[in-house]
Chemist: 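Below are the structure tokens for one structure; questions will follow.
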Amino acid sequence: QLQLVESGGGLVQAGGSLRLSCAISSFTVDYYAIGWFRQAPGKGREGVACLDSADGRTSYVDSVKGRFTISRDSTKNTVYLQMNILKPEDAATYYCATGFGRCGDYDLSTGNGMDYWGKGTLVSVAS
């Protein structure tokens with residue numbers, strides 16, 4: 001069973017930065033999509049960013065473009081989400097998820113269809 005474990009959440013002042021990590025147990029496939037999603041209290045799940053392992057292509061929701069960066073370290077089986085210029089509206093529980101396809105194969109607005117999910121890490125942003 002593939003497992004994803006997020007870390008790096010915490011409390012930060014508005015305008016600050018955090019880097020989230022998603023450690024992934026060993027993959028048995030060569031190509032996958034991995035995404036970061038978030039859910040704030042009382043709101044639905046929202047896609048934040050996605051990365052295609054096949055070619056490294058990335059995609060972002062408009063609200064985080066220019067502020068967030070998704071990246072990976074294949075040697076560590078870890079995917080990161082660097083979050084800069086954080087805003088109070090970025091506060092949420094952040095989840096990583098993966099699927100055995102390309103980012104375009106999934107509903108990235110919600111993450112529906114992704115095969116495996118982590119348990120999340122909480123990000124709080126103080127104004």
Chemist: Taking atom OG1 of Thr98 and atom CD1 of Ile34, what is their separation to the nearest 0.5 Å?
Modeler: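 These two atoms lie 4.5 Å from each other.
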Chemist: Please tell me whether Val79 and Val48 are part of a single hydrophobic cluster in this structure, the criterion being side-chain heavy atoms less than 4.5 Å apart.
Modeler: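 Yes, because Val79 and Val48 connect within a single hydrophobic cluster, where side-chain heavy atoms sit under 4.5 Å apart.
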Chemist: Could you tell me whether the side chain of Cys22 reaches within less than 4.5 Å of the side chain of Trp36, counting heavy atoms only?
Modeler: yes
Chemist: Could you grab the distance from atom OG1 of Thr93 to atom CD of Glu6, nearest 0.5 Å is fine?
Modeler: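 Between atom OG1 of Thr93 and atom CD of Glu6 there are 9.5 Å.
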Chemist: Would you say the side chain of Leu81 lies within less than 4.5 Å of the side chain of Phe68, judging by non-hydrogen atoms?
Modeler: yes
Chemist: If you compare all heavy atoms of Tyr106 against all heavy atoms of Asp115, which two are closest, and at what distance to 0.1 Å?
Modeler: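 Heavy atoms of Tyr106 and Asp115 come nearest at OH-OD2, 3.8 Å.
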Chemist: For residues Arg102 and Ala54, report the shortest heavy-atom separation together with the two atoms involved.
Modeler: NH1-CB, 3.5 Å
Chemist: Could you tell me which non-hydrogen atom of Ser127 sits nearest to which non-hydrogen atom of Pro88, and how far apart they are?
Modeler: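 So the minimum-distance heavy-atom pair works out to CB-CG, 3.8 Å.
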Chemist: Give the table of side-chain donor-acceptor pairs shorter than 3.5 Å for residues 56-66, with sequence neighbours excluded, one pair per line with atom names and distance.
Modeler:
from  : atom 1 : to    : atom 2 : distance (Å)
Tyr60 : OH     : Ile70 : N      : 2.9
Asp62 : OD1    : Lys65 : NZ     : 3.0

Chemist: Measure the spacing between CZ of Arg72 and CD1 of Ile24 and express it to the nearest 0.5 Å.
Modeler: 9.5 Å
Chemist: Suppose the criterion is disulfide (SG to SG under 2.5 Å): which pairs have a residue in residues 31-66, not counting sequence neighbours?
Modeler: Cys50-Cys103
Chemist: Tell me whether Arg67 contacts the main-chain N or O of Ile85 through its side chain, where contact means a donor paired with an acceptor under 3.5 Å.
Modeler: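 Between the backbone of Ile85 and the side chain of Arg67 there is a qualifying donor-acceptor contact (under 3.5 Å).
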Chemist: Which atom pair, heavy atoms only, marks the closest approach of Asn84 to Ser17?
Modeler: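 Distance-wise, the nearest heavy atoms are OD1-OG, 2.9 Å.
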Chemist: Report yes if some heavy atom in the side chain of Phe100 is under 4.5 Å from a heavy atom in the side chain of Leu2; otherwise report no.
Modeler: yes
Chemist: Counting only N and O atoms by type, is there a donor-acceptor contact under 3.5 Å from the side chain of Asp107 to the main-chain atoms of Ser109?
Modeler: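 Flag set: sc Asp107 to bb Ser109 pair under 3.5 Å.
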Chemist: What's the spacing between Arg38 CZ and Arg45 CZ if we round to 0.5 Å?
Modeler: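 These two atoms lie 14.0 Å from each other.
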Chemist: Okay, side chain of Thr121, backbone of Gly9: is any donor-acceptor separation there less than 3.5 Å?
Modeler: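 Yes: the side chain of Thr121 pairs with the backbone of Gly9.
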Chemist: Identify the two heavy atoms, one from Phe37 and one from Gly47, that lie closest to each other, and give their separation to 0.1 Å.
Modeler: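 In this case the closest contact between Phe37 and Gly47 is CD2-CA, 3.3 Å.
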Chemist: Within this structure, what is the CZ-OG1 distance for the pair Arg19 and Thr69, rounded to the nearest 0.5 Å?
Modeler: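 With rounding to 0.5 Å, CZ (Arg19) is 11.5 Å from OG1 (Thr69).
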Chemist: Who pairs with Val123 by side chain to side chain contact (heavy atoms under 4.5 Å, CB included), at least two apart in sequence or on another chain?
Modeler: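 Applying side chain to side chain contact (heavy atoms under 4.5 Å, CB included) to Val123 gives Leu18, Leu20, Met83, Tyr94, Val125.
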Chemist: If you compare all heavy atoms of Asp73 against all heavy atoms of Tyr80, which two are closest, and at what distance to 0.1 Å?
Modeler: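 For Asp73 versus Tyr80, the nearest heavy atoms are CB-CE1, 3.9 Å.
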